[in-house]
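Here's the structure, in structure tokens; my notes come after.
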Amino acid sequence: MKTTARVIATWFFCGYAPVGPGTVGSAAAIVIAWPLHRYGGFPAVAFAFLGFLLAVPAVWAADVTARETRSKDPQFVVVDEVVGQWIAVAGAVQLNWKSWVGAFLLFRLFDIWKPPPVRQLERLPGGTGIVADDAMAGVYAALVLFAAGWFNLY
């Protein structure tokens, strides 16, 4: 089970990127989401569902991996970035290159900045804290992206 947890936690080893593993994890989420939309017909809102669906195994995998490495939030655990990034994409009024880039940049901004209550959620124990702060950063990004779309800014 530890191997399965590690594969999920690192999002199929993206977390081992030598530079910016969180950014690589977010980019991997977009790389998966784009063809799901383009070829699978997934609407933007479907990514909120996928993000929340992924949150359950993400919390488990992040928790197992954090305990195994004796680290509160190991840098190579990036499944939380995937959860948050997919939630961010769900805020798009329409999916085009501008909204994909906007979702990516807004999520990274809120994930790094950690405005309240993002930072407070990070303090929750184990895998819950690892994933919850990124999910909330994704919600913030989705709200800003939705507002930008509402005003036809992309």
Quick one: side chains of residues 84-91, donor-acceptor pairs under 3.5 Å with protein atoms, not counting sequence neighbours, listed by atom name and distance.
| from | atom 1 | to | atom 2 | distance (Å) |
| --- | --- | --- | --- | --- |
| Q85 | NE2 | A103 | O | 3.2 |
| W86 | NE1 | A29 | O | 2.9 |

Contacts under 3.5 angstrom, residues 34-42 side chains, donor-acceptor by atom type, not counting sequence neighbours:
| from | atom 1 | to | atom 2 | distance (Å) |
| --- | --- | --- | --- | --- |
| H37 | ND1 | F42 | O | 2.8 |

Same hydrophobic cluster for [X] and [Y], using side-chain heavy-atom links shorter than 4.5 Å among ILVMFWY?
X: F107; Y: I32; value: no
X: M136; Y: F49; value: no
X: V24; Y: L106; value: no
X: V79; Y: L53; value: no
X: L54; Y: V7; value: yes

Would you indicate whether Q120, at its atom CD, is surrounded by more than 12 heavy atoms from other residues, nucleotides or ligands within a distance under 6.0 Å?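 Atom CD in Q120 is crowded, with more than 12 foreign heavy atoms closer than 6.0 Å.
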
Quiz item: More than 12 heavy atoms of other residues, nucleotides or ligands under 6.0 Å from OH of Y16: is that the case?
Solution: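 Enclosed.
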
Nearest heavy atoms of [X] and [Y], plus distance in Å:
X: V83; Y: A58; result: CG2-CB, 4.0 Å
X: V78; Y: P21; result: CG1-O, 3.3 Å
X: T65; Y: A5; result: OG1-O, 3.7 Å

### Message
Can you list everything that forms a side chain to side chain donor-acceptor pair (under 3.5 Å) with D133? Sequence neighbours excluded, please.
### Response
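Testing D133 for side chain to side chain donor-acceptor pair (under 3.5 Å), a comparison that skips the adjacent residues, returns K114.
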
Side-chain atoms of residues 124-131: list all donor-acceptor pairs with protein atoms under 3.5 Å, sequence neighbours left out, distances to 0.1 Å.
none

Practice item. Using the salt bridge (Lys or Arg N to Asp or Glu O under 4.0 Å) rule, collect all pairs that involve residues 65-75, keeping only residues at least two apart or in two chains. Key: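 Listed once each, the pairs are R6-E68, D63-R67.
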
Any donor-acceptor pair under 3.5 Å from S99 side chain to A92 backbone: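 Answer holds: no.
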
inquiry  = What verdict does the side chain to side chain contact (heavy atoms under 4.5 Å, CB included) test give for W113 and V118, after you've listed the backbone C-alpha separation in whole Å, the side-chain angles of each residue and the deciding distance to 0.1 Å?
reply    = CA-CA 9 Å; W113 175 23; V118 177; over 6 Å; no

**Item:** 4.5 Å side-chain heavy-atom contact, L105 and V101
**Value:**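 Yes, at least one pair of side-chain atoms sits under 4.5 Å.
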
Margin query: With a 4.5 Å cut-off on side-chain heavy atoms, are T23 and R108 touching?
Written below: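 Yes - at least one pair of side-chain heavy atoms lies under 4.5 Å apart.
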
Can I get a per-line list of side-chain donor-acceptor pairs under 3.5 Å for residues 137-154, giving both atom names and the distance, sequence neighbours left out?
| from | atom 1 | to | atom 2 | distance (Å) |
| --- | --- | --- | --- | --- |
| Y140 | OH | P116 | O | 2.5 |
| Y154 | OH | V93 | N | 2.6 |
| Y154 | OH | L145 | O | 3.2 |

- Query: From W100 CH2 over to L95 CG, what is the distance, rounded to the nearest 0.5 angstrom?
  - Reply: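 The CH2 atom of W100 sits 5.0 Å away from the CG atom of L95.
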
